[in-house]
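What you see below is based on every heavy atom in this structure, not just the backbone, and it leaves out hydrogens, waters and symmetry mates. As the structure lists them, so they are numbered: ligands from 1, and atoms in each ligand from 1.
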Amino acid sequence: MDQMLVSSWFNLHSSVPSSYVQPPESRPSHTVVSEKSIPVIDLGGHNRAETLHKVLKASEEYGFFQVINHGVPKDLIEGTLNIFKEFHAMPAKEKMRECSRDPKGSCKLYTSREINKKDAIQFWKDTLRHACPPSGEYMEYWPQKPARYRWRTLKSLGGNDYVYVNIFSSRIYDSKGLGLTPGYFNSVLTENPTVQAHHYPPCPEPSLTLGAPKHRDPTIITILLQDKGINALQVFRDGEWIGVEPIPNAFVVNIWLLLQITSNGRLVGPEHRVVTNSRVARTSVAYCINPSNKTIIESAKTCVSSTNPPKYKPISYEDFRRDILIKGTAFVEAELMQSH
Ligand SMILES: O=C(O)CCC(=O)C(=O)O
Ligand SMILES: [Fe+2]
């Protein structure tokens, strides 16, 4: 880790270091947050066709929505958030030791962004990121502390309780709405999920800084758990910022480029960002559903036709991820959309 975690020094300052100050147009103080909200979908209803329709409509119109009554037990959700809070509360040295078992870096602890360009403006955030495929591969590289970290994380991500992929990817997007073949998402497309546990310490000057930049997620779907009672996540839609109000035990679902390509541009995820606050630390846990490295990302056959030809160039997930880290998402999106 070439930079100090924000959590190691945030309480030593009464103002933010200049490298964390955003240019005026990107500052939270520059924006009014709209009164609007993103859709909230109740997955507990009995009319499955109606629920699927709502999900698809929200995906088309917003690309961002919350789900409630999703069937994931409250204890599991609270336990998951708590274990990541405990992790980020450990001393920096211990956290780094717990994340350095894999020389290939399948488990990482970083601050600001995964790759920080020299002289780039910094973000008020530390992140623990590791692979968590259903196969259990890479688990030996996960942190072993706090106690029961692996057990707890596995319980919410693995085995029969592999709730996130089961509930969202297949049940929501499978077959019907997008006309995909049954089981489309239970394949290589969802084999390579990662978890990102973000920690945003309190910030002395929230109006000048951001916890996460305006971005889109380079995933198929991101499923996010956020801390109760802290408004921080904002979605950019029609030129205004909309706050994603934390609903206890809800999941925030957000689609992006990979699903945009799969659906041949029908579903488009919006940009979003995270603002900080001066009162309390915030934790959020993002489950990023990704394909295996060799998977070729292209529009699904059922989403293209002679009048609606593929809009994107095919690319392997491995190349896609590398390009995203080096060139940035907007550039890669533009490149894939070039006429071909
Ligand atoms: O912390 C949050 O609420 C959002 C994090 C995020 O946007 C991401 O992990 O891509
Ligand atoms: Fe995101």
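The shortest contact between atom 4 (C) of ligand 1 and any protein heavy atom is with V274 CG2, 3.6 Å. Closest protein heavy atom to atom 10 (O) of ligand 1: D217 OD1, 2.9 Å.
Of all the heavy atoms of V252, none lies under 4.0 Å from any atom of ligand 1, so neither backbone nor side chain is involved. Contacts with ligand 1 closer than 4.0 Å are made by side-chain heavy atoms of H215 only, the backbone lying farther away.
Close to ligand 1: H272, with a non-hydrogen atom less than 4.0 angstrom away. Put simply, part of R282 is less than 4.0 Å from ligand 1, judged by heavy atoms. Residue contacts with ligand 1: L224 is included, with a non-hydrogen atom under 4.0 Å away.
The OD1 atom of D217 and the NE2 atom of H215 meet at the Fe ion (ligand 2) at an angle of about 90°, given to 10°.
Counting atoms of ligand 1 from 1 in the listed order, those under 4.0 Å from a heavy atom of H198 are 1 (O), 5 (C), 8 (C), 9 (O). Less than 4.0 angstrom separates some heavy atom of A286 from each of these atoms of ligand 1: 9 (O). Taking a cut-off of under 4.0 Å to the non-hydrogen atoms of Y200, the atoms of ligand 1 that pass are 1 (O), 2 (C), 5 (C).
Relative to the six-membered ring of Y110, R129 misses at least one condition, a distance below 6.0 Å or an angle of at most 45° to the axis.
Of all non-hydrogen atoms in S37 and I242, the two that sit nearest each other are CA-CG2, 3.7 Å. Of all heavy-atom pairs between V21 and R27, the closest is CG1-NH2, 3.6 Å.
A donor-acceptor contact under 3.5 angstrom links the side chains of Y312 and Q260, judged on distance only.
Using bins of under 30°, 30° to 60° and over 60° for the plane-to-plane angle, the ring pair W9/H13 lands in the perpendicular bin. Ring geometry for H70 against F251 counts as tilted: the plane angle lies between 30° and 60°, on a 0 to 90° scale.
Backbone and side-chain nitrogen or oxygen atoms of S284 are examined, and one is located within less than 3.5 angstrom of a nitrogen or oxygen of ligand 1.
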| query | Does the pair N192 and S292 meet the rule for a side chain to side chain donor-acceptor pair (under 3.5 Å), with working shown? | reply | CA-CA 5 Å; N192 195 15; S292 54; over 6 Å; no
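For the ring-ring contact (aromatic ring centres under 6.0 Å, His included) criterion with H272, the lone passing option out of W241, F236, F64 is F64.
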